[in-house]
Trainee: 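Below are the structure tokens for one structure; questions will follow.
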Amino acid sequence: QVRLAESGGGLVQAGGSLRLSCTFSGRSFSSFDMGWFRQAPGKDRELVASITWSPISTYYTDSVKGRFTISRDNAKSTVVLQMNSLEPEDTAVYYCAAKYGPVVSSVYVFWGQGTQVTVSS
């Protein structure tokens, strides 16, 4: 059973930085694509950034390009989202998610509990 545990959310002023971390357990982390999603009040959940299992490639939604960086450490079974130049529009609950990498058609089925990020203006 895959388990995901996020940490690192909090309150920050606009222009500041936060680092979200997600710890993966229960299966072989290196075989999973990892994603960070967010959901703001009254809005749909959106994919913010993702990183593939092999070869490693990354994706960012347009609104965070140049400000957020996703990375993974297979030895520590962790994925990190470094968020810089934060804006009030980044305020949301952020979720870590995983899907099995070797199956191209797989979907994100494993989710963390979420961590709140609040950016004040």
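Heavy-atom basis, side chains included; hydrogens, waters and symmetry copies ignored.
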Trainee: Among all residues two or more places apart in sequence or in another chain, which pass the side-chain contact (heavy atoms from CB on, under 4.5 Å) test with S7?
Mentor: S21
Trainee: Under a 4.5 Å side-chain heavy-atom rule over Ile, Leu, Val, Met, Phe, Trp and Tyr, are V48 and I56 clustered together?
Mentor: yes
Trainee: Measure across V79 and M34 and return the closest heavy-atom pair with its distance rounded to 0.1 Å.
Mentor: CG1-CE, 3.9 Å
Trainee: Got a sec, which residues hit salt bridge (charged side-chain N to carboxylate O under 4.0 Å, His left out) with R3, two or more places apart in sequence or on another chain?
Mentor: none
Trainee: Side-chain heavy atoms under 4.5 Å apart, restricted to Ile/Leu/Val/Met/Phe/Trp/Tyr: what other residues fall into the cluster of L47, or is it alone?
Mentor: F37, Y59, V93, Y95, Y108, W111
Trainee: Taking only residues two or more places apart in sequence, or in another chain, which ones meet K43 in a side-chain contact (heavy atoms from CB on, under 4.5 Å)?
Mentor: A40
Trainee: Please give me the minimum heavy-atom distance between S17 and N84, naming the atom from each residue.
Mentor: OG-OD1, 2.9 Å
Trainee: Do you know which two heavy atoms are closest between A14 and P88, and how far apart they sit?
Mentor: CB-CD, 4.1 Å
Trainee: Can you name the nearest heavy-atom pair linking W53 to R72, along with the distance?
Mentor: CA-NH1, 3.6 Å
Trainee: Excluding sequence neighbours, so at least two apart, what forms side-chain contact (heavy atoms from CB on, under 4.5 Å) with E87?
Mentor: R67, E89, D90
Trainee: For A5, enumerate each residue passing the side-chain contact (heavy atoms from CB on, under 4.5 Å) test, keeping only those at least two apart in sequence or located in another chain.
Mentor: none
Trainee: Which class fits the ring pair F32 and F24: parallel under 30°, tilted 30 to 60°, perpendicular over 60°?
Mentor: tilted
Trainee: If we only count heavy atoms from C-beta on, is the S50 to W36 side-chain gap below 4.5 Å?
Mentor: no
Trainee: Determine the minimum heavy-atom distance between L18 and G8, stating which atoms define it.
Mentor: CD2-O, 3.9 Å
Trainee: At their closest point, which heavy atom of E6 faces which heavy atom of G114, and how far apart are they?
Mentor: OE1-N, 2.9 Å
